[in-house]
Amino acid sequence: MSAYKSDFLNVLAERGFIHQVSEPDALDTLARSSTVTAYIGFDCTAASLHVGSLLPIMLLYWLQQTGHRPIALMGGGTTRVGDPSGKDESRRLLTDAAINDNLKGIRAVFDKFLKFENAGGNAVMANNADWLNKLNYIDFLRDVGRHFSINRMLAFDSVKLRLERQQELSFLEFNYMILQAYDFVELYRRYGCVLQMGGSDQWGNIVNGIDLGRRVHNAQLFALTSPLITTSSGAKMGKTAAGAVWLNADLVSPYEYWQYWRNTEDADVGRFLKLFTVLPLGEVERLTALKNAEVNEAKKILATEATALVHGRAAAEQAAATARATFEQGELSATLPTVEIADFHRHVRLLDAVVKAGLAASNGEARRLIRGGGLKVNDETVHDEVRLLTPNDLKHGVIKLSLGRKRHVLLKPV
RNA sequence: GGGGGAGUGUCCCGAGCGGCAAAGGGGGCGGACUGUAAAUCCGCUGGCUGACGCCUUCGUAGGUUCGAGUCCUACCUCCCCCA
C-alpha cells in the first residue's frame, strides 16, 4: 500500500506511475476533497502517438477514473517551436500544414481512453495554438518573460546538456520551456487546471510553470511525473524491426500491436501489466507469480488487454486468435496480415514478393535473408534465392511467407 | 574580422601512409539453443545481378593523378581561441 490517502495518487503509486510529485501531501489532500483538473501536453511531431506516449495517456485515464478531470493538450503551438528536452540535436521544423495533419491523427486515440463532454464525460481536449498563436511579442515579454531568469534557465538539463556537448540550441528552442510554462498558467486561467503531469524529462518544464503560476496568480500548482520506461534490457519502449509501434491502426495493425506486447521480456511482464492494462492488481499479482514457460500465459493476457485498450476488445480477441492458430497450432490463419500481388499470371520472383510484402527493404536484403536461412514459403525454408512463386505454391488461395519465426505474411493474387 | 579544429557507410559512435564498398564498436536482422522471453554462440548489415561484374557512397563544387575518403582550391555548417 502506498502512503497516500486519495484514490488518485494511491492508484498511480500502486501501479508504478509515479516518479516525482511536487508537494505530495498538499496534492493528496486536494485530490481527496475536490475534483482536480490536470493536463498533459502531447507534441504533434508525428501522425500518430506511439507506445511511448501510452504512459501519459494512462495517467489521464486513471485521473478520470478516480473522479477527476483530465485535459489532453495538443501541442499545436509548441510543436511549431520544438522541445529541446532529451534531444541531441535541433528538431526539423515542421510546416503548419503537417502539424495540423498530425494533430488530426493523434486526436482520435484519446476517445478510446477518455470520456469527453460529447460522450457524457468531463474530459477536455485543448490546443495551445489557440492562445500561443495570438501572442504579441512585446506584451508576452513584459507579462511572462520578466519572470524568467536566464541564469536559472541555463541550469536546466535540457539546456545544460546541449551547451556542455557544444551542440547548438537555437533561441527558438530555448523559448520552448517558457511557452510550456505559459500553457500551464493559461490552462489554470481557463479551466482551473492545477496539475501538470508528464514524463520525468518534463520535470524542469513543469516546475517552470508552477513558478510562473505563483508569480502571476499566486496560485499553487503541482507537478507529477512518471518514470522513463525501458525494457529490462535497457532498450527504449516502442521500437521494433518495422519501426515505431504506433497506436493508430492504419500504421500498426492490431495484430502487430498484439505481437509487440506478446514479445515482452519475462522480467517486464508484471510492470507492464500494471502500467499498460487496467486489470485489478490482484489479478496482476497472480499473473506475475507465474514462472518459466507459464509466463507466456501472462504475456498473452498482457497483449490482449493492452490491445483492447487501444483497438477495442473485438480486434484484440481476433489478434489473439490469429496468433494462437499461427504459433500454437501451426495452422494457416486467414487473418494474418495479407498483401495482394498483381500480375500473378504464371509466376513472380520470390525476391520481389518478399520486398512487396514488406519483409525486406531491397532484393539484396531478401537474398541475404535467404542465404541465412531465414525465409520460409509455406513453412518450408527456402535455399534458392532466385526461386519463383507459381500458382502451384498457392494453398487455400494464398502463399504464406515467413521471416524468422515471428513475422508472417500472406500473399494473395488478385 | 584574425588564428586553430571538425564534418566518414541515410540508425548511432568511430578508425582510415593515394589502390577503399572503406577497420572496429553499438544497435538491428537472421541462424543455433529455447517458451514467440532473457542470456550465450554463429552469420549478415549500400543498390542491381544466376554469375563475372556494373553502379552509387566519406559536408558541397571543382582540380591534380592511371587511380582521391585521403593531396590542392573555393564554398557551406559546427566548435574553440583572439578581437
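Sequence lines set the chain letters: A, B, ... in the order given, protein chains first and strands last, and positions in each chain run from 1.
Put simply, the residue from A/Glu317, A/Glu294, A/Glu328 that forms a salt bridge (charged side-chain N to carboxylate O under 4.0 Å, His left out) with A/Lys300 is A/Glu328.
For the pair A/Glu283 and A/Arg286, the salt-bridge criterion is met [side-chain N within less than 4.0 Å of a carboxylate O]. A salt bridge does not link A/Asp379 with A/Lys376: every distance from a Lys NZ or Arg NE/NH1/NH2 to an Asp or Glu carboxylate oxygen is 4.0 Å or more. For the pair A/Arg142 and A/Asp139, the salt-bridge criterion is not met [side-chain N within less than 4.0 Å of a carboxylate O]. Under 4.0 Å is where a charged nitrogen must lie from a carboxylate oxygen, and between A/Asp393 and A/Arg387 at least one such pair does.
Pair check for B/U10 finds none; no Watson-Crick or G-U wobble contact set falls under 3.5 Å. When both distances must be under 3.5 Å, the Watson-Crick or G-U wobble mate of B/U64 does not exist. Base-pair partner of B/C44: B/G28 (Watson-Crick or G-U wobble, both distances under 3.5 Å). As the counterpart of B/U56, no nucleotide is assigned, since no Watson-Crick or G-U wobble pattern has both distances under 3.5 Å. A 3.5 Å limit on both hydrogen-bonding distances identifies no Watson-Crick or G-U partner for B/C33. Nucleotide B/U70: unpaired (no Watson-Crick or G-U wobble partner with both distances less than 3.5 Å).
In B/C20 the O4'-C1'-N dihedral to the base is within 90° of 0, which defines a syn nucleotide.
Mapping A/Leu403 and A/Lys406 onto RNA chain B by nearest heavy atom places A/Leu403 at the nucleotide closer to the 5' end. When each of A/Ala293 and A/Gly372 is assigned the nucleotide of RNA chain B bearing its nearest heavy atom, the one mapping closer to the 5' terminus is A/Gly372.
As rounded to whole Å, 12 Å separates atom P of B/U40 from atom CD of A/Glu265. Rounded to an integer number of Å, the gap from A/Glu256 CD to B/U36 C1' is 15 Å. Summarising the geometry, the separation between CZ on A/Arg367 and C1' on B/G53 is reported as 13 Å, rounded to the nearest angstrom. Counting to the nearest Å, the C1' atom of B/U36 and the OH atom of A/Tyr257 are 18 Å from each other. The distance between atom CG of A/Leu351 and atom C1' of B/C48, rounded to the nearest whole Å, is 11 Å. Distance CD (A/Glu365) to P (B/G47): 7 Å, rounded to an integer number of Å. As a whole-Å value, the separation of A/Leu369 CG from B/U45 P is 11 Å. B/A37 atom P lies 10 Å from atom CD of A/Gln259, rounded to whole Å.
OP1 or OP2 of B/U49 lies within a sub-4.0 Å distance of a side-chain N or O belonging to A/Asn363. An OP1 or OP2 oxygen of B/G47 is reached within less than 4.0 angstrom by a side-chain nitrogen or oxygen of A/Arg368. Residue A/Lys376 places no side-chain N or O under 4.0 Å from the OP1 or OP2 atom of B/G31. In this model, the phosphate group of B/A37 is not approached by any side-chain N or O of A/Thr264 to a distance below 4.0 Å at OP1 or OP2. A/Arg349 has a side-chain polar atom (N or O) that falls below the 4.0 Å cut-off from OP1 or OP2 of B/G50. One finds no side-chain N or O of A/Arg407 lying less than 4.0 angstrom from the OP1 or OP2 phosphate oxygen of B/C29.
Within 6.0 Å of NZ in A/Lys395 there are 12 or fewer heavy atoms belonging to other residues, nucleotides or ligands.
Between B/C71 and B/C17, the two P atoms lie 9 Å apart (nearest whole Å). Atom name P, nucleotides B/G3 and B/U73: the rounded distance is 14 Å, in whole Å. Going from the C1' atom of B/C20 to that of B/C75 covers 27 Å, rounded to whole Å. Using atom C1' as the reference point in both B/C11 and B/A61, the two lie 28 Å apart (nearest Å). If you take atom C1' in B/G25 and the same atom in B/G35, they sit 31 Å apart, rounded to whole Å. For B/G14 and B/G4, the C1' atoms lie 23 Å apart once the distance is rounded to whole Å. Taking atom P in both B/U10 and B/U45, the straight-line distance is 13 Å, to the nearest Å. On the C1' atoms, B/U70 is 11 Å away from B/A22, given to the nearest whole Å.
Nearest nucleotide to the side chain of A/Trp258, out of B/U36, B/A37, B/A51: B/U36.
Within 4.0 Å (heavy atoms only), A/Val295 reaches at least one base atom of the nucleic acid. Contact annotation for A/Glu328: no contact, since no heavy-atom pair falls under 4.0 Å across all strands. Note on A/Ala360: nothing from the nucleic acid sits closer than 4.0 angstrom, heavy atoms only.
Between the side chains of A/Gln180 and A/Gln202, at least one donor-acceptor pair of N or O atoms lies under 3.5 Å.
The aromatic ring centroids of A/His408 and A/Phe327 lie less than 6.0 Å from each other.
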